[in-house]
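It should be emphasised that the depicted structure is a prediction, and the values quoted were computed from it without experimental measurement.
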Amino acid sequence: MARVCRTGFVVSGLLRRTLRVATHAALTPRLRLVRLRPETPFPYRAGQFLSVEVAPCKRRAYSFAGDPGSELVDLLVDVAPGGDGSRFVEGLSTGDAILAYGPQGGFVLPRPLAPVTVAVGVDVGAAPIRSMAHEAARRAEGGGLRAFLVWQDLEAIPSGEPFDFPGPPSVEPIHLQADPGGVWLARIAALCPAAAFLCGERKALARLEEALCAAGVDADRISTEVFY
Ligand SMILES: Cc1cc2nc3c(=O)[nH]c(=O)nc-3n(C[C@H](O)[C@H](O)[C@H](O)COP(=O)(O)OP(=O)(O)OC[C@H]3O[C@@H](n4cnc5c(N)ncnc54)[C@H](O)[C@@H]3O)c2cc1C
């Protein structure tokens, strides 16, 4: 069985954070990049997430999407689901204070990186992959990371500033509408990665996990973070 990082909504007074909205940008009709300034800076690892209070007694998990070495915290949010979390993020303005709990989660890159580590984000699952790319680049291990962003909808693809990636690693986009035969699964599986980090939609991740295992990748070396 693959290692699944379950969402542990560990709520502790020690983890409570107040952050203020520094910038709020619409990257595409459905993707928002929210840049937050913590009132008190805190460390986190790429792949972890914050549990954000989006309404009284309601929280939503959002992965860190930026450089863990930056004083600002980036969140990449898909507002298409239209629920409490989406409405909360849509309603944010510069200077607003938000309450969050974290960092939480164990979906993190090992130290050191295994040669040929693959990180795949499906749609908004790109969020932790962008953060992992930053962390690997800071650790000067970016060359060992192959990152893929898989987009199911061409209109949902952000590009350029402010959705930039550090280099290395190389980041390859895959457009599923241009790949109805599922060649992307075979391409990634053919790398036979020593470790794989997969994030995003459950069904797409299950297909990729199956392809990796069929190519001989040990399931213990596959970590998944399911968003929905
Ligand atoms: C560990 C973890 C990290 C996460 N990180 C992020 C992140 O960085 N960015 C982000 O946008 N979301 C992230 N999510 C999902 C997020 O927590 C919310 O579930 C999502 O934003 C929808 O919230 P909502 O209140 O708007 O809709 P809800 O009312 O909670 O959900 C409505 C429906 O939409 C489905 N759904 C949720 N997300 C999507 C989606 N993107 N596309 C299509 N259907 C969806 C849900 O399964 C549900 O059926 C993460 C989830 C987990 C568990």
Side-chain angles (χ1 to χ4, degrees), residues 5 7 9 11 17-38 44 46-68 70 72-105 107 119-134 147-165 171 173-177 198-205 224-228:
C5 301
T7 309
F9 284 91
V11 177
R17 317 275 180 196
T18 303
L19 306 96
R20 284 194 184 273
V21 178
T23 62
H24 182 275
L27 303 184
T28 69
R30 61 188 292 176
L31 279 186
R32 304 288 176 267
L33 183 70
V34 185
R35 200 154 268 176
L36 302 163
R37 185 179 299 283
Y44 68 87
Q48 291 190 298
F49 64 91
L50 277 178
S51 179
V52 175
E53 199 154 292
V54 298
C57 300
K58 284 191 183 165
R59 299 197 181 95
R60 293 290 181 271
Y62 295 113
S63 297
F64 295 101
D67 181 352
S70 165
L72 297 177
V73 166
D74 285 0
L75 302 181
L76 182 70
V77 179
D78 183 351
V79 295
D84 288 309
S86 303
R87 286 196 296 274
F88 175 79
V89 170
E90 275 291 65
L92 288 174
S93 302
T94 303
D96 283 353
I98 73 166
L99 194 59
Y101 299 85
Q104 300 177 50
F107 180 70
V120 185
V122 177
D123 293 325
V124 75
I129 308 306
R130 181 170 180 257
S131 194
M132 285 177 172
H134 276 286
F148 297 86
L149 302 185
V150 181
W151 303 102
Q152 313 208 51
D153 173 3
L154 284 177
E155 284 192 355
I157 304 175
S159 61
E161 284 281 352
F163 189 71
D164 52 344
F165 273 73
V171 180
I174 293 170
H175 305 159
L176 291 199
Q177 283 165 338
L198 319 179
C199 181
E201 184 212 22
R202 183 186 309 276
K203 273 195 274 180
L205 300 194
T224 59
E225 185 83 295
V226 174
F227 277 8
Y228 61 98

J.: Can you name the nearest heavy-atom pair linking Asp164 to Arg130, along with the distance?
T.: O-NE, 3.0 Å
J.: When rounded to the nearest 0.5 angstrom, what is the spacing between CG in Leu36 and CG in Leu75?
T.: 5.0 Å
J.: Whether the side chain of Thr224 engages the backbone of Val226 through a donor-acceptor N/O pair (distance < 3.5 Å, no angle test) should be reported.
T.: no
J.: Does Val79 have any side chain to side chain contact (heavy atoms under 4.5 Å, CB included) partners at least two apart in sequence or in another chain, and if so, which?
T.: Arg32, Val77, Ser86, Val89, Glu90
J.: Looking at Arg20 and Gly95, would you say the former's side chain and the latter's main chain have a donor-acceptor pair under 3.5 Å?
T.: yes
J.: Going by the rule side chain to side chain contact (heavy atoms under 4.5 Å, CB included), which residues pair with Ala80 if we only count those two or more places apart in sequence or in a different chain?
T.: Arg30, Asp78
J.: Does any part of the side chain of Leu27, heavy atoms only, come nearer than 4.5 Å to the side chain of Pro162, both counted from C-beta?
T.: yes
J.: What's the shortest heavy-atom distance between Val21 and Ser93, and which atoms?
T.: CB-O, 3.4 Å
J.: For Tyr101, is the NZ or CZ atom of Arg59 found under 6.0 angstrom from the centre of its six-membered ring and inside 45 degrees of the ring axis?
T.: yes
J.: With a 4.5 Å cut-off on side-chain heavy atoms, are Leu99 and Thr18 touching?
T.: yes
J.: Quick one: pull up OH in Tyr228 and NZ in Lys203 and give me the separation to the nearest 0.5 Å.
T.: 9.5 Å
J.: Of all the heavy-atom pairs spanning Leu76 and Ala126, show the shortest one and how long it is.
T.: CD2-CB, 4.3 Å
J.: Closest heavy-atom contact between Tyr44 and Gly66?
T.: OH-O, 3.7 Å
J.: Between atom CG of Leu149 and atom NE2 of His175, what is the distance when rounded to the nearest 0.5 Å?
T.: 9.0 Å
J.: Quick check: closest heavy atoms across Val73 and Pro38, and the distance to 0.1 Å?
T.: CG2-CG, 4.0 Å
J.: Evaluate the side-chain proximity of Lys58 to Phe88: yes if any heavy-atom separation is below 4.5 Å, no if none is.
T.: no
J.: Check the orientation of Phe163 and Trp151. Use parallel for under 30°, tilted for 30 to 60°, and perpendicular for over 60°.
T.: perpendicular
J.: Less than 4.5 Å apart, any side-chain heavy atom of Asp123 and any of Glu201?
T.: no
J.: What's the separation between atom CD1 in Ile157 and atom CD in Gln152, rounded to the nearest 0.5 Å?
T.: 11.0 Å
J.: Within the structure provided, determine whether Phe227 and Pro128 are in side-chain contact (heavy-atom separation under 4.5 Å).
T.: yes
J.: I want to check something: taking the side chain as every heavy atom from C-beta on, are Asp153 and Gln177 in contact at a cut-off of under 4.5 Å?
T.: yes
J.: For Ser51 and Gln104, which heavy atoms make the closest approach, and how far apart are they?
T.: CB-NE2, 3.4 Å
J.: Nearest 0.5 Å, please: how far is CG in Leu92 from CZ in Arg87?
T.: 13.5 Å
J.: Within the structure provided, determine whether Val34 and His24 are in side-chain contact (heavy-atom separation under 4.5 Å).
T.: yes
J.: What is the distance from atom CZ of Phe49 to atom OG of Ser131, rounded to the nearest 0.5 Å?
T.: 13.5 Å
J.: Do Leu33 and Leu31 touch side chain to side chain, with heavy atoms closer than 4.5 Å?
T.: no
